[in-house]
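Please read these numbers as outputs of a predicted model, since none were measured by experiment. Quick note on labels: first sequence line is chain A, next is B, and so on, each numbered from 1. FYI, side chains are in, hydrogens and waters are out, and symmetry mates aren't considered; it's all heavy atoms of this structure.
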Amino acid sequence: MNPDVADLDVAPTTGRRLPEAWQLAANIWFVLLVGYLVVLPAGLKQIGIPLFALTGACGVVRFLMDTRESRRDVRVVILGFAAAGAVPVILGIIASTPGWRDVAVPLVGGPVLWYFVSRLPDRRAIGMIPTALAAGTIALWAIVMLLLTDVGTDIVHVLEPGAYGFALDGATRSNFPGVSSLTAVIPFLAVLLFDEFRHRNSLRRRRFVAAGLALGIVAALLSGRQGVVGVIALTPVLMLVASAAGFNRQQPARRDRKRSLTYAAVAMLVLVLTIGVATQLGLEPGRVPGDVLAAVGLVEDRDARIEGSRRIRELQGESLLAGWRERPLVGHGAGAVSPDFFTWRGFELGDPFTVTPRPWRAELAYHLLLFESGLLGVAVYLGATIVAMRALAHRYRDLGADDQMLCRAAVVAALALAFGTAVNPFARAVGHQLMFFLPVYVVAVTMQRDRAAKTTGGDEGSPHDDLIAPEDASADR
Amino acid sequence: MVGDESGEPLGGEALLADAAPTDPTDPADSTDSTHTRHVRRQAIGIVSAALVLVALAAVVIERRGRGGPDTFGTLQAPVTAADLERAELARRVADAILQLEGEQDSPAAGFRSTRRGWVFGNERNGDDASLAESLIDVDETIRGLAEQLNGGDDVLVYECGESFGVFVPSSARVAGVDTAWWADNECSVVPTWLIDAPRYFVVGANR
């Protein structure tokens, strides 16, 4: 490898690079952050606030070290969402809504934070994302098991006092904030493994990632979170959507019968073990297919416990749409409180309505956006999304095979999160937003390398070979 | 950058498994090895310091978060006759609700039969029955007071625990016992957003 190119790997063009130790620390910090956000994407604010503040501050310092570093695509894509979020917030300021400050944090502050954080990781940290996500998922599975077996509830309560788990009528239910992360993380890991198998791409720590996927699916099913399970079940559809949007340009590798049989055998073994453990915990395996179909809306739900939260969502939806019809073009502004919505007993779901009253929040994020900013806000968000997808698809074509795998997985994960946001306000949690911007991170690091090679006129070779591990490709198999 | 100079593939490498020299007996490699260890130690030190910073900040936030809830109800505006009438209306509404709750066969009313909500109606709040009519059946003076106050449409019954507060726009001074009860029970501050100051309220539990 041309040493000039290697030198420019961190700070590509004209700028100053971080000292080695600081860059290594930034990478470690970023990987830890990714793992942490799988487990606790929201909640435990006493840790979340300083964590984001420190990470953001480091990103700002990195940005100031080299303001000339040109990453226009990243700026446009990530800050485009901040600009879109500013629309309802400005409308809220104009209308003097009580909650505009609270809403401005995730809608505007979140993307700005993730823009600066994008300056921290280099290629090695991006390559570690699957491992970090798998590690977080395994930790999450352990937490769900601690709750359901009731052997470690007290330990989990240190992280989340309201966490619980129980089995009743052949179904299990576990409440922990991190379960929501599985909405995006499981599709991410599933796409990685699928592409690795189908296209023979290189994936480091494949077994660990596979274990993360298997245990993550178990955790999602045992949690009883229908919104999460439903989106996960839609992963194949989302993969097709991503392909149709231009995120699939690789030809399938030739089929390997022996390898396929090994995969099938391992999958069966995992399934049998899962059923055994789940049965011990009180889950009736026969219920699972019906519950999964109910989660995606194909059959009627039989669980009365879920009916309550569904009814609340219906009430919220009706109220938000009624409010939107009053001001269809510009809505009521971010942080607005409908006279009959949120203010009465019966609309509450979660502590935002009881412990910390924030009656401008709702479960149905897209309904809420319509209520807050009307057709104007929705149109601006749609525009930002189209710009982002086009920019990503354009860059995707230039990526190497393994970078494409990572990018495609990140795109499917972001799509899954966008789907899940319809019934859970993921997009309004700063911690969840990282999964929306992960595709941009993947592309951004590759852009650094591409530009560096072009700038130096050096050995471009495969700008993506960092993600290929030729001598280790078989080590983990 | 650590590891890159060796030309090793780095994408999936452990972050710490960087450009370790292959031959420790080689003096040049030994220098590299020392340098690499130094870099790692520095990086781990930086990350550790950052973790300590986050932990300290968490402790500070945790301690500050233990302060009492927002309190409200200390009103300074001049008190007019209308303010006193609105306060009287709030007290009568509170008494009437308590009376309704004490009766076994009292009608379900208010927002979703909870006997909470805007007393004088909001067509979109899903009332099973009119809260105002139920209350007027108990205390006829409520009708007169409401008519005197242009319909009295700003009377809000808001739940807190097993009890409730009745809120009205008025500069009448709130009883200390009611303010203390609302604060001690960590009741919601939502009514303060719904009814602009000056506001008066009375707590059902203290009647």
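Heavy atoms of A:Leu32 lying under 4.5 Å from chain B belong exclusively to its side chain. Using a 4.5 Å cut-off between heavy atoms, B:Leu56 makes no contact with chain A at all. If you measure heavy-atom distances from A:Ile47 to chain B, the contacts under 4.5 Å come from both the backbone and the side chain.
Within 6.0 Å of the CZ atom in B:Arg143, the count of heavy atoms belonging to other residues, nucleotides or ligands does not exceed 12. Within 6.0 Å of atom CH2 in B:Trp181, more than 12 heavy atoms from other residues, nucleotides or ligands are found, so the atom counts as buried in its surroundings.
Taking CD1 from B:Ile195 and OH from B:Tyr158, the interatomic distance works out to 11.5 Å, rounded to the nearest 0.5 Å.
A side-chain N or O of A:Gln23 and one of A:Asn27 form a donor-acceptor pair less than 3.5 Å apart.
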